[in-house]
Engineer: 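Starting off with a structure, shown below.
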Amino acid sequence: MEPFIRSEQYNFIKLQTQILINGHATANDRDVIKTLKTVSKERVLQLFSDLNEDQEQLLDPVDTIKDPAQAENFLLQIKPYVIPFKEITEKTIKKLFPKAKKLKAPSLETVDLRELSYLGWDDHGSGRKFIIAPHLDTFTGLHGTIKPANKKGICAICSRFEEIGMFMSETKGKVQGTFIKKGNYICLDSMKCNQNITTLEKMTDLIERLK
């Protein structure tokens, strides 16, 4: 069976397993537990529009999870079917960031590509942050400066409470030759951000607002 689960979908499923664990630990009412199991399973299956029999069978046990050990075992079983992030070539980087000379993406040799919804890294030489993310069946690139907020806040990409920074990017203005600075608070740690993402909706919003 080929990988069919996207990274953010895997994170969503992982979140549902934690909700089930918490429910079993705190709820004593059988009807409450039954409803929780039904809702969690429906939410997981609704992530996919065209599951085949084998894929559905793989995900089916999600509602049987009661404790961390069961959750860990279930997640280990489905992780081989997570689609890895497509490796980025220097050619792709040059195409996405034509003005950024000598820019190189970080080494991904030690990174589990199944845990990436987007690739983000800081170029300390220029003080800029670069993001490569899938958008409209291709890759798109965002780049700009990032200034640590020195506090925790809600990330505009993963919607979680993390250490954030103001990411500022220049976009072309309506008048020819003019530029407008736009930005938002995002996670300083891109890997942590990737692990938090359960939907690509906010990333899509950010791309469309800053491009």
Side-chain angles (χ1 to χ4, degrees), residues 1-21 40-65 67-93 95-96 104-122 129-142 155-163 186-207:
M1 186 165 56
E2 294 292 322
F4 66 98
I5 305 169
R6 297 195 305 269
S7 179
E8 86 281 1
Q9 292 172 327
Y10 175 81
N11 291 341
F12 182 87
I13 295 169
K14 188 176 182 180
L15 178 62
Q16 294 306 306
T17 66
Q18 188 59 54
I19 290 173
L20 285 165
I21 292 169
S40 291
K41 187 169 184 176
E42 285 180 353
R43 286 175 175 173
V44 168
L45 296 180
Q46 285 172 359
L47 289 173
F48 309 93
S49 59
D50 54 353
L51 288 174
N52 62 38
E53 187 176 341
D54 290 337
Q55 292 168 343
E56 189 168 345
Q57 188 175 359
L58 179 71
L59 298 172
D60 191 66
V62 66
D63 63 347
T64 65
I65 292 170
D67 56 54
Q70 288 178 323
E72 183 179 2
N73 184 55
F74 173 73
L75 293 170
L76 283 173
Q77 288 181 16
I78 71 171
K79 189 148 189 189
Y81 302 99
V82 177
I83 304 167
F85 191 80
K86 187 177 179 181
E87 293 192 41
I88 303 297
T89 64
E90 287 191 27
K91 183 178 179 181
T92 299
I93 293 175
K95 183 179 179 181
L96 293 174
K104 290 186 178 181
S107 173
L108 298 178
E109 292 181 1
T110 60
V111 176
D112 187 342
L113 297 178
R114 295 170 297 185
E115 295 182 358
L116 293 182
S117 291
Y118 74 93
L119 179 62
W121 75 99
D122 298 317
K129 188 175 190 71
F130 293 84
I131 292 173
I132 296 177
H135 183 60
L136 301 178
D137 298 322
T138 186
F139 278 127
T140 192
L142 299 175
C155 170
I157 296 175
C158 70
S159 298
R160 297 288 287 276
F161 193 68
E162 296 287 354
E163 294 289 342
I186 64 173
C187 286
L188 291 174
D189 186 338
S190 294
M191 277 303 303
K192 182 66 176 176
C193 187
N194 270 283
Q195 292 167 359
N196 289 336
I197 293 175
T198 57
T199 172
L200 296 179
E201 182 180 348
K202 295 293 185 181
M203 172 60 86
T204 300
D205 290 345
L206 186 70
I207 291 171

Engineer: Rounded to the nearest 0.5 Å, what separation is found between the CG atom of Leu45 and the CZ atom of Arg43?
Structural biologist: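 With rounding to 0.5 Å, CG (Leu45) is 13.0 Å from CZ (Arg43).
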
Engineer: First locate atom CD1 of Ile132, then atom CG of Leu142, and finally report the distance between them rounded to the nearest 0.5 Å.
Structural biologist: 10.0 Å

Engineer: Does Ile93 reach the side chain of Phe130, with side-chain heavy atoms less than 4.5 Å apart?
Structural biologist: no

Engineer: Mind checking what makes side chain to side chain donor-acceptor pair (under 3.5 Å) contact with Asp122, not counting sequence neighbours?
Structural biologist: Lys129

Engineer: Hey, could you give me the CD/CD distance between Glu201 and Glu8, rounded to the nearest 0.5 Å?
Structural biologist: 11.5 Å

Engineer: Does Asn11 reach the main-chain N or O of Asn194 with its side chain, forming a donor-acceptor pair under 3.5 Å?
Structural biologist: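 Checked: pair present.
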
Engineer: Run the side chain to side chain contact (heavy atoms under 4.5 Å, CB included) check on Phe139 and Lys95 step by step: do they pass?
Structural biologist: CA-CA 10 Å; Phe139 278 127; Lys95 183 179 179 181; over 6 Å; no

Engineer: Please report the shortest heavy-atom distance between Pro134 and Ile207, naming the atom on each side.
Structural biologist: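 That closest heavy-atom pairing would be O-CD1, 4.4 Å.
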
Engineer: State the CH2-CD1 distance between Trp121 and Ile131, to the nearest 0.5 angstrom.
Structural biologist: 9.5 Å

Engineer: How many angstroms lie between OG1 in Thr138 and CG in Leu96, if you round to the nearest 0.5 Å?
Structural biologist: 7.5 Å

Engineer: Cys155 and Cys187: which non-hydrogen atoms are nearest, and at how many Å?
Structural biologist: SG-N, 3.3 Å

Engineer: Could you report the tightest heavy-atom contact between Gln16 and Ser40, atom names first, then the distance?
Structural biologist: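 The pair with the smallest heavy-atom distance is OE1-OG, 3.4 Å.
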
Engineer: As a test of understanding, state which of Asp205, Leu200, Ile186 forms a side-chain contact (heavy atoms from CB on, under 4.5 Å) with Ile157.
Structural biologist: Ile186

Engineer: Specify the closest pair of heavy atoms between Phe74 and Thr17, including all atoms of both residues, with the distance to one decimal.
Structural biologist: CD2-CG2, 4.2 Å

Engineer: Show every donor-acceptor pair shorter than 3.5 Å between a side-chain atom in residues 75-87 and any protein atom, with sequence neighbours excluded, or say none if there are none.
Structural biologist:
{"residue": "Lys79", "atom": "NZ", "partner": "Asp112", "partner atom": "OD2", "Å": "3.3"}
{"residue": "Lys79", "atom": "NZ", "partner": "Glu115", "partner atom": "OE2", "Å": "2.8"}

Engineer: Are any side-chain N or O atoms of Ser7 and backbone N or O atoms of Arg114, one a donor and one an acceptor, separated by less than 3.5 Å?
Structural biologist: yes

Engineer: Would you say Leu47 and Arg6 make side-chain contact, with heavy atoms under 4.5 Å?
Structural biologist: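 A side-chain contact under 4.5 Å is absent here.
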
Engineer: Looking only at non-hydrogen atoms, find the nearest pair between Leu20 and Ile65 and report the distance.
Structural biologist: CB-O, 3.8 Å

Engineer: Does the side chain to side chain contact (heavy atoms under 4.5 Å, CB included) test come out yes or no for Leu116 and Met191, once each step is laid out?
Structural biologist: CA-CA 8 Å; Leu116 293 182; Met191 277 303 303; 3.5 Å; yes

Engineer: Sequence neighbours excluded and cut-off under 3.5 Å, please list the side-chain donor-acceptor pairs for residues 52-61, or say none.
Structural biologist:
{"residue": "Asn52", "atom": "OD1", "partner": "Asp54", "partner atom": "N", "Å": "3.1"}
{"residue": "Asn52", "atom": "OD1", "partner": "Gln55", "partner atom": "N", "Å": "2.8"}
{"residue": "Gln55", "atom": "OE1", "partner": "Asn52", "partner atom": "N", "Å": "3.0"}
{"residue": "Asp60", "atom": "OD1", "partner": "Lys41", "partner atom": "NZ", "Å": "2.5"}

Engineer: Find the distance between CD (Gln9) and OG (Ser117) and round it off to the nearest 0.5 Å.
Structural biologist: 9.5 Å

Engineer: Please determine whether the number of non-hydrogen atoms from other residues, nucleotides or ligands lying under 6.0 Å from atom CD of Gln18 exceeds 12.
Structural biologist: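 Yes.
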
